[in-house]
Structures are given as C-alpha cells and as structure tokens.
Enquirer: 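A single structure is presented below for examination.
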Amino acid sequence: MSSELIPDLSVAEKLGILPEEYDKIVDYLGRKPNFTELSVYSVMWSEHCSYKNSIKWIKTLPRKGGSLLVEAGEENAGLVDIGDGLACAFKMESHNHPSAIEPYQGAATGVGGIHRDIFTMGARPIAALNSLRFGTLDTPRTKHLLKGVVSGIGDYGNCLGVPTIGGEVYFHPSYQQNILVNAMSIGIVKHGETASAVAPGPGNPVFIVGSATGKDGIHGATFASADLTEDSAEDLPSVQVGDPFQEKLLLEASLEVLQTGAVLGMQDMGAAGITCSTSEMAAKSKTGMIIYLDKVPLRQSNMKPFEILLSESQERMLIIAQKGKEKELLKVYKKWDLECVQIGEVTDTGMLEYFMNGELVAHVPADSLVLGGGAPVYDREYTTPTYFKKIEDFKIEDIEIPENLVETAKRLVSLPTIASKRWIFEQYDSTVRTNTLTTNRNCDSAIIRIKGTNKSIAATSDCNSSYVYADPFKGGMIAVSEAARNLVCTGAKPLAITNCLNFGNPYNPEVYYQFVYAIKGMGNACNHFGTPVTGGNVSFYNQSVFKNKTEPVQPTPTIGMIGLIDDPSKIMTLDFKEEGDTIILLGESRNDIGCSEYLQHIKGIKNSPCPHFELETESLLHDVLSSLINKRLLQSAHDVSEGGLFCTLVESGIPGNMGFKISSDSLIRKDAFLFGESQSRAVVSVAGHLLESVLETLDNKLIKYHVLGTVSSGKIKIDEQDFGDIKTYKDIYKKSIESTLKQ
C-alpha cells in the first residue's frame with residue numbers, strides 16, 4: 001500500500017468532507033484513508049457528483065413511462081422513442097462556477113461535456129441549446145461575462161459542427177456574480193445501436209482515449225460544490241480547457257468504433273475525471289478495476305496520483321473493450337489520430353485498485369463512491385422563506401397605472417430580458433449540417449429535422465426564475481408548462497424533459513424550501529402533461545459571498561423539453577401574415593401584474609405574487625392550440641410570456657413589419673391587460689375565411705378567449721390610441737442589447 005502520510009480530519013474538512021463522512025470512509029475502508037483516497041472521496045461525495053442533498057427529492061419526479069426507452073439515471077442521457085426505429089438522446093447540464101471565473105473556457109467546456117454525454121451513448125449530436133443568466137447588463141463585469149460566455153459557446157459549437165438552434169437569456173441582479181450557464185445537447189441514434197456506461201467481464205481491457213491528462217480541472221467537482229467568494233479567481237486551476245477540434249475527432253471515431261463490436265462500455269470523463277468514470281462503470285456492473293496511473297498519457301510532468309485521478313482535462317473517454325478485439329479498437333482511433341492506451345483491466349473484486357509505478361496508491365470499494373451506492377444521502381431541513389411575508393403584503397391597488405402607456409411600452413420592449421438576443425445568437429452557427437428548420441422562421445421553439453424522415457424534433461429551454469422565487473411550487477409548474485406551451489405553439493407534441501436545477505446553498509433552510517417545492521411543482525406538471533423526466537443536473541451553491549453577505553441566485557429550475565413533429569407542413573410560426581387577419585387572445589386576461597417585467601423593472605417592485613396559473617386551464621389551452629394547428633386553421637401562434645400581451649403582439653408583428661389594431665378589456669386595468677403575465681394564454685391570428693371555423697372550435701372547447709382586433713399594415717393602435725409604428729419598436733427591440741454592450 002502507498003507510503004503516503006495518513007491525513008487527519010482537518011485535511012478532510014479542507015477537502016469539503018464532513019466529520020461524519022470521514023467516519024463513514026473509515027468504516028468502508030476498515031482503516032484511515034491516505035491522501036489520494038481522501039481526494040477520491042472528496043470529489044465523488046461532493047454535491048456535484050453524489051447529489052447527496054438532492055437525490056431524495058429528485059427520485060420523486062416521474063422518471064419512466066411515455067416514450068422513454070430507459071429510466072432516468074440509467075444512462076448518460078435520456079433516451080426517447082421517436083418512431084421509425086430511431087431514438088432521441090438529450091440532456092442538460094450546468095457549468096456555472098467555471099463560467100463565472102473564466103467565462104470563455106467555462107462555457108466552451110460546458111458545451112463539449114454535454115455533447116460527449118450524447119455521443120458516448122452512440123447518438124450523433126444534431127443540435128444544441130442553452131440557458132444563460134447574467135446580472136445587470138450595464139455593468140462592466142456582466143458585459144465581460146456575457147461576451148466571454150457567448151464566444152465560448154459559439155467557438156466550441158461552431159468548430160464541432162453542431163448547430164446551436166435555440167435557448168434563452170435572462171438578466172437579473174441576483175446573478176451579478178454567480179452567473180448560470182446551462183447547456184443542452186440533442187442526438188439521434190438507431191434502436192439497438194446505443195452504448196452503455198458499463199464495465200462487464202473480468203479480464204476485459206480498460207482504455208483511455210482522447211486528449212492527454214493535465215492539471216486543469218483538478219477538484220473541479222469540489223469547486224462546483226462550494227460558494228463563490230471574492231477569492232474564487234484563485235480557483236482557476238479548477239476550470240478546464242477545451243479543444244473542439246479534438247472533440248470532433250473523438251466524436252467521429254467513437255461513433256465509428258461502436259460499429260466494430262469491440263466496445264462493451266463507454267463513458268465520458270467529466271467531473272472527477274478518471275475517478276468518476278472508473279467508479280461509476282464498475283459499480284454499475286458490480287465489478288472492479290485495476291488501473292495503472294503511470295500508463296495514462298500526461299501532458300505535464302511529475303503529476304501526483306491524486307492529480308491524475310481527479311484531473312478534468314477535456315475530450316477524454318474511458319472504454320471497456322472486448323478482450324481479443326483490442327486491435328479493432330486501436331485501428332479506428334489510430335485512423336483518427338487519437339491516443340488510445342490500455343491503462344488497466346476489469347476485475348471481479350468490486351474494488352478499484354489504482355497503481356503508480358508498481359505502488360498501490362488507492363484501494364477503495366467502487367460501490368462506496370457512487371450515487372445509489374455508498375455515497376451519503378441527506379434529508380435537509382427546510383423552512384418557509386421569510387420574504388414570503390413581503391409578497392403577501394403586495395396590493396395591486398398601490399401601483400399607479402402609468403400616465404404615458406406608450407413610453408412605458410417602449411421601455412418594456414427595450415429591457416434586456418425581453419429585447420432581441422440577435423447579438424448573441426448570430427455568433428452561433430445554427431445552419432451547419434442543413435437540418436435547422438427555424439433559421440428563417442420565427443417560432444416559439446427551435447426545430448431540427450431528422451434526415452431521411454418526415455419527422456422533426458422541436459426543442460426549448462424555459463424557466464422564469466422570478467416566478468419560482470415568488471412561489472416555488474407554482475413557479476416549478478409554470479416552467480414545465482411554458483416549455484410545453486412553446487412546443488405546442490410550434491405544432492409539436494411534447495415528449496419528455498431534462499432539467500438543470502440551479503439553486504443556492506442546500507444548507508440554507510429557505511433555499512432548500514425553494515428546491516423542494518420547485519421539484520414538487522415540476523413533478524406535478526410533468527405527470528399532468530405525460531412528459532417524464534429523463535435526467536439532468538443539480539447545481540447547488542449558486543450564490544456569492546461579498547463583504548460577508550451571502551446572496552443566493554433566484555431559484556432557477558431550467559427545463560429542457562423536446563417534442564415531435566411528424567408533418568413538417570404543420571409547423572406553426574409566430575409572425576403575423578396578412579393585413580386584416582383577425583387577432584384572438586386564447587385564455588383569460590386578469591388584473592394581474594405579479595412578477596411581471598413591467599412591475600419589476602418599470603415600477604421597481606421586487607416582491608409580488610406569482611402570476612395566475614391553473615394546470616387544468618393550461619392543459620385546455622394546449623388541447624385547443626393543437627386542434628387548431630392540426631386543422632390548419634391558424635396563420636400564427638405565439639404564447640404570452642415575459643412582457644405580457646403587448647410584447648407578444650410586437651414580437652408577432654416585427655418579422656413582417658405588421659402592426660395591430662386592438663381593443664382592451666374594460667374590466668381589466670390597462671397596465672395589467674397590456675403588460676401583465678398571467679399564464680395559460682396565447683395569441684393567434686386567423687385569415688378571414690377561416691374565422692368562423694376557429695370561433696366554432698373555441699366555443700366547442702369551452703375555452704375563454706377575446707377577439708382583440710386585426711393585423712394592420714404597420715401602425716399600432718390600442719383602443720384607438722396611437723402607439724406608433726411597428727418599425728419603431730422593431731428598432732428598439734433589435735438594438736437594445738447591442739447598444740448597451742457598446743457603451
């Protein structure tokens with residue numbers, strides 16, 4: 001056994017291991033761990049890898065049924081049947097802390113890592129999405145972070161050749177220091193051609209493939225499981241460095257090698273590197289491994305055993321080969337000019353035995369390291385947030401309706417969360433491989449076709465964190481519902497979700513309350529819509545410590561959802577088409593301005609109730625929209641979300657420079673009617689000859705609706721008041737973010 005000095009409890013605590021966890025490690029090993037072993041446990045039992053503070057509640061989410069081919073957690077990503085012998089693999093993960101410290105590499109490696117999760121399952125990545133959260137845009141720090149993150153995402157995805165087809169960007173002061181960078185990947189694979197992260201068959205060789213191992217990313221999983229502080233820049237070694245060209249080679253080689261039959265198991269080396277891959281694959285197969293660390297290709301000299309084990313160097317994978325077929329494996333990777341080196345073999349001991357130059361440096365039970373095995377599971381305390389009292393005190397009567405609604409409308413359209421993200425998405429290649437169907441179409445969700453079929457995948461990422469902050473249960477339901485609504489507005493049938501659960505410190509009872517009730521809300525909505533959770537990511541400790549004051553980010557359970565479109569001719573866009581078309585609001589307007597962009601950023605009110613929401617009403621809206629779209633009765637469909645009805649109408653008018661002439665509801669406050677964000681609503685436009693059929697359908701479905709008015713040639717009039725020309729709003733909408741970044 002290693003001659004390393006045995007560290008004491010104080011060393012364990014510096015590595016993030018609790019005293020009771022240290023005692024548990026001693027029980028597993030039957031002795032005190034050496035430093036290498038302690039380091040292994042510190043990363044594998046970190047929140048990032050073990051989900052020790054979240055797994056209890058994650059397991060309450062619906063994780064099977066519907067079109068799922070594997071239950072959540074069984075593979076690196078979710079797998080959904082889309083017919084014709086094809087399956088869609090998709091997943092979302094966070095790279096928040098690295099991006100807050102080094103935005104370019106943090107975001108780039110987040111993109112690379114999520115794509116590897118897809119192609120190590122044997123699926124070819126065909127699309128990427130992202131969900132980004134930043135602080136106030138007009139500060140130098142936010143501008144720096146935004147530019148770095150966007151460049152990192154764009155450069156990596158563009159070089160890899162996977163189109164970035166959609167996403168969302170929000171700006172809120174709570175993300176000022178701790179930004180959120182959530183990346184989503186979608187891939188396609190034939191049934192029966194998937195790969196698994198397993199290590200079967202004692203005696204089978206273990207190979208490491210791809211880039212050499214360096215010191216970047218060491219203790220990255222631990223870094224992701226701690227608060228950001230003013231000194232976090234010192235943790236730059238925890239940020240990995242990506243190489244998209246190497247990943248492209250790895251992608252093509254891995255998909256090719258799976259066709260040889262030489263591969264029994266394959267897993268990406270993400271968080272915790274070799275440690276994570278060896279332990280998870282062995283534990284899943286109830287086997288063990290002998291690993292020779294001195295055989296691992298290194299790009300830095302004199303690396304210590306724990307550094308090799310914990311390194312999170314990018315573009316690497318672990319492969320279990322069929323004994324006797326090593327030459328076939330090596331031939332493929334040589335063709336693609338990639339290192340492929342045997343570093344060990346599978347055993348039947350259930351133990352991970354790591355050697356360095358003939359010395360056994362770590363000897364631990366594989367099962368003791370992993371989620372679902374020996375990793376600790378906690379049931380944390382939670383209490384109702386004290387700020388709820390401020391929300392309860394809110395009275396809409398205290399808010400004065402603006403005297404100048406036109407100027408208010410213009411200010412609203414210019415808000416960074418609402419304004420066009422053109423400056424961002426134009427840096428992403430959305431057309432590579434020529435399958436993106438929404439490049440020149442304006443839709444509520446992104447759409448990518450499946451070549452060789454009539455099928456298309458619609459995808460979206462959604463979450464309004466202000467709603468979750470105000471009411472975690474209702475906000476969690478809304479996040480799922482809005483994602484489904486966006487897919488339905490595009491003509492898709494929602495299939496399943498992935499998620500990225502971004503919260504503050506789980507040891508804070510109020511933060512944990514937000515987490516628990518957001519999970520409950522998400523689960524409630526997923527069960528209702530029949531969209532099971534395929535997997536995802538939990539990211540705690542998203543908060544900043546500045547001048548001894550800890551501020552969590554707004555709770556942000558980001559939802560990534562996919563849907564299926566089986567007839568491309570039924571794809572629905574959001575833009576108005578013809579002057580004189582009738583505009584109808586599906587759903588009910590209310591005296592509700594809670595949590596709206598208008599209330600927060602125009603009126604400056606932070607604490608207000610979550611917008612009105614009822615799950616049954618939402619479900620009825622989806623049913624009506626699907627019926628109208630399938631009957632080809634609509635010219636356009638666009639859901640009402642941030643900015644309320646007015647911004648929805650403007651967004652529908654901008655693509656074709658079409659205005660609108662509408663009448664408000666006299667029973668509703670004018671600001672609530674125009675800018676309120678009550679849920680379960682959508683705006684549709686209808687050609688004159690189809691209006692009667694549409695109204696008949698709406699009456700038969702018993703949905704509440706309001707015939708607002710008509711599409712105009714460019715002018716905007718509300719209750720006969722002149723709101724100006726659509727081109728004015730278009731100019732504000734398109735140039736707001738760009739002009740702020742130039743200041």
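Residue numbers count from 1 along this sequence.
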Enquirer: Testing the 3.5 Å rule here: is there a donor-acceptor pair between the side chains of Thr120 and Asp268?
Expert: no

Enquirer: Apply the test side-chain contact (heavy atoms from CB on, under 4.5 Å) to residues Phe119 and Ser185: give CA-CA distance (whole Å), side-chain angles for both, the deciding distance (0.1 Å), then the verdict.
Expert: CA-CA 10 Å; Phe119 71 74; Ser185 178; over 6 Å; no

Enquirer: Is it true that a side-chain atom of Thr710 and a backbone atom of Thr582 form a donor plus acceptor pair closer than 3.5 Å?
Expert: no

Enquirer: With rounding to the nearest 0.5 angstrom, report the CD to OG distance, Glu93 to Ser539.
Expert: 10.0 Å

Enquirer: For the residue pair Ser678 and Asp592, confirm or rule out a side-chain donor-acceptor distance under 3.5 Å.
Expert: yes

Enquirer: Would you say that Val257 contacts Met266 through its side chain, given a criterion of any heavy-atom pair below 4.5 Å between the two side chains?
Expert: yes

Enquirer: Looking at CD1 of Ile478 and CZ of Arg485, how far apart are the two atoms once the value is rounded to the nearest 0.5 Å?
Expert: 8.0 Å

Enquirer: Ignoring hydrogens and geometry, is there a side-chain-to-backbone donor-acceptor pair from Asp581 to Glu578 under 3.5 Å?
Expert: yes

Enquirer: Let me see the working for Asp731 and Lys727 under salt bridge (charged side-chain N to carboxylate O under 4.0 Å, His left out), right down to the final yes or no.
Expert: CA-CA 6 Å; Asp731 190 58; Lys727 291 183 179 179; over 6 Å; no

Enquirer: Go through the steps to decide whether Ile584 and Val694 satisfy the test side-chain contact (heavy atoms from CB on, under 4.5 Å), and finish with yes or no.
Expert: CA-CA 10 Å; Ile584 303 174; Val694 169; 4.1 Å; yes

Enquirer: Would you indicate whether Lys451, at its atom NZ, is surrounded by more than 12 heavy atoms from other residues, nucleotides or ligands within a distance under 6.0 Å?
Expert: yes

Enquirer: Working to the nearest 0.5 angstrom, can you tell me the gap between Ser131 OG and Asn502 CG?
Expert: 7.5 Å

Enquirer: With side-chain hydrogen bond (donor to acceptor under 3.5 Å, both in side chains) as the test, would you mind laying out the steps for Asn537 and Ser94 before giving the verdict?
Expert: CA-CA 7 Å; Asn537 174 225; Ser94 65; 2.6 Å; yes

Enquirer: Can you tell if the side chain of Leu68 reaches within under 4.5 Å of the side chain of Thr534, non-hydrogen atoms only?
Expert: yes

Enquirer: Are Ser636 and Val684 side-chain neighbours, meaning at least one heavy-atom pair lies under 4.5 Å?
Expert: no

Enquirer: Side-chain contact, heavy-atom cut-off 4.5 Å: Asn464 with Ser641?
Expert: no

Enquirer: If you measure from CG on Leu628 to NZ on Lys701, what distance do you get to the nearest 0.5 Å?
Expert: 8.5 Å

Enquirer: Salt bridge or not between Asp117 and Lys91? Use side-chain N to carboxylate O under 4.0 Å.
Expert: yes

Enquirer: On a heavy-atom basis, which atom in Met522 and which in Ile559 lie closest, and how many Å separate them?
Expert: CE-CD1, 3.9 Å

Enquirer: Measure the acute angle between the ring planes of Phe660 and Phe646, then classify it against the limits of 30° and 60° as parallel, tilted or perpendicular.
Expert: perpendicular

Enquirer: Backbone N or O of Val181 within a donor-acceptor pair of the Asn96 side chain at under 3.5 Å?
Expert: yes

Enquirer: Mind running side-chain contact (heavy atoms from CB on, under 4.5 Å) on Phe529 and Leu615 for me, showing each step along the way?
Expert: CA-CA 9 Å; Phe529 295 122; Leu615 204 49; 4.0 Å; yes

Enquirer: Take atom NZ in Lys704; do more than 12 heavy atoms of anything else shown fall under 6.0 Å from it?
Expert: no

Enquirer: If we only count heavy atoms from C-beta on, is the Thr438 to Thr490 side-chain gap below 4.5 Å?
Expert: no

Enquirer: Above 12 or not: heavy atoms from other molecules or residues under 6.0 Å from CG of Asn657?
Expert: yes

Enquirer: Should Ile519 and Leu501 count as side-chain neighbours, where that means a heavy-atom distance under 4.5 Å?
Expert: yes

Enquirer: Can you list the steps and then say if Asp462 with Asn486 is a side-chain hydrogen bond (donor to acceptor under 3.5 Å, both in side chains)?
Expert: CA-CA 9 Å; Asp462 290 285; Asn486 281 327; 3.0 Å; yes

Enquirer: Look at Glu252 together with Arg124 and state whether they make a salt bridge at an N to O cut-off of under 4.0 Å.
Expert: yes

Enquirer: Compute whether any side-chain donor of one residue and acceptor of the other, for Glu75 and Ser196, lie under 3.5 angstrom apart.
Expert: yes

Enquirer: Between Ile82 and Ile188, which heavy-atom pair has the shortest distance, and what is it?
Expert: CD1-CD1, 3.9 Å

Enquirer: Using the side-chain contact (heavy atoms from CB on, under 4.5 Å) definition, which of the options Val169, Ile179, Asn130 pairs with Val149?
Expert: Ile179

Enquirer: Looking only at heavy atoms, what is the nearest atom pair of Leu160 and Pro244, with distance?
Expert: CD1-O, 3.9 Å

Enquirer: Under 4.0 Å between a side-chain nitrogen and a carboxylate oxygen: does that hold for Asp567 and Arg632?
Expert: yes

Enquirer: Determine yes or no for a side-chain-to-main-chain donor-acceptor pair under 3.5 angstrom, with His706 supplying the side chain and Leu585 the backbone.
Expert: no

Enquirer: Atom CD of Glu482 and atom SG of Cys463: how far apart are they, to the nearest 0.5 Å?
Expert: 8.5 Å

Enquirer: Would you say the side-chain atoms of Gln679 pair up with the backbone N or O of Glu677, donor to acceptor, closer than 3.5 Å?
Expert: yes

Enquirer: Taking the six-membered ring for Trp, are His115 and Tyr156 ring centroids under 6.0 Å apart?
Expert: no

Enquirer: Answer yes or no: are there more than 12 heavy-atom neighbours, outside Lys421 itself, under 6.0 Å from its atom NZ?
Expert: yes

Enquirer: Any side-chain donor paired with an acceptor under 3.5 Å for Thr556 and Tyr170?
Expert: no

Enquirer: Evaluate the side-chain hydrogen bond (donor to acceptor under 3.5 Å, both in side chains) criterion for residues Thr558 and Asn182: first the C-alpha distance (whole Å), next the side-chain angles of each, then the deciding distance (0.1 Å), finally the verdict.
Expert: CA-CA 8 Å; Thr558 307; Asn182 296 175; 3.2 Å; yes

Enquirer: Does Arg681 come within less than 4.0 Å of Asp639, counting only side-chain N to carboxylate O?
Expert: no

Enquirer: Evaluate side-chain contact (heavy atoms from CB on, under 4.5 Å) for Tyr428 paired with Val150, printing each intermediate quantity in order.
Expert: CA-CA 8 Å; Tyr428 306 150; Val150 170; 4.0 Å; yes

Enquirer: Without swapping roles, check the side chain of Lys577 against the backbone of Gln635 for a donor-acceptor pair under 3.5 Å.
Expert: yes

Enquirer: Do Leu258 and Glu193 have side chains that get closer than 4.5 Å, going by heavy atoms?
Expert: no

Enquirer: Give a yes or no answer on whether the side chain of Ser626 reaches the backbone of His622 with a donor-acceptor pair at less than 3.5 Å.
Expert: yes

Enquirer: Tell me, with the steps shown, if Glu168 and Arg133 meet salt bridge (charged side-chain N to carboxylate O under 4.0 Å, His left out).
Expert: CA-CA 8 Å; Glu168 59 174 359; Arg133 314 282 163 143; 2.7 Å; yes

Enquirer: Give a yes-or-no answer on whether the side chains of His191 and Asp81 include a donor-acceptor pair shorter than 3.5 Å.
Expert: yes

Enquirer: Could you check whether Lys520 makes a cation-pi contact with Tyr517, meaning its NZ or CZ is under 6.0 Å from the centre of the six-membered ring and within 45° of the ring axis?
Expert: yes

Enquirer: Output yes when a side-chain donor or acceptor of Thr498 lies under 3.5 Å from a complementary backbone atom of Met92, and no otherwise.
Expert: yes

Enquirer: Looking at Ser254 and Leu250, would you say the former's side chain and the latter's main chain have a donor-acceptor pair under 3.5 Å?
Expert: yes

Enquirer: Quick one about Thr431 and Asp429 (side-chain donor to acceptor, distance below 3.5 Å, no hydrogens or angles considered), yes or no?
Expert: yes

Enquirer: To the nearest 0.5 angstrom, please state how far the CD1 atom of Ile737 sits from the OG1 atom of Thr417.
Expert: 8.0 Å

Enquirer: Compare every heavy atom of Ser465 with every heavy atom of Gln554, then report the nearest pair and how far apart it is.
Expert: OE1-OG, 2.8 Å

Enquirer: With a 4.5 Å cut-off on side-chain heavy atoms, are Ser685 and Leu634 touching?
Expert: no

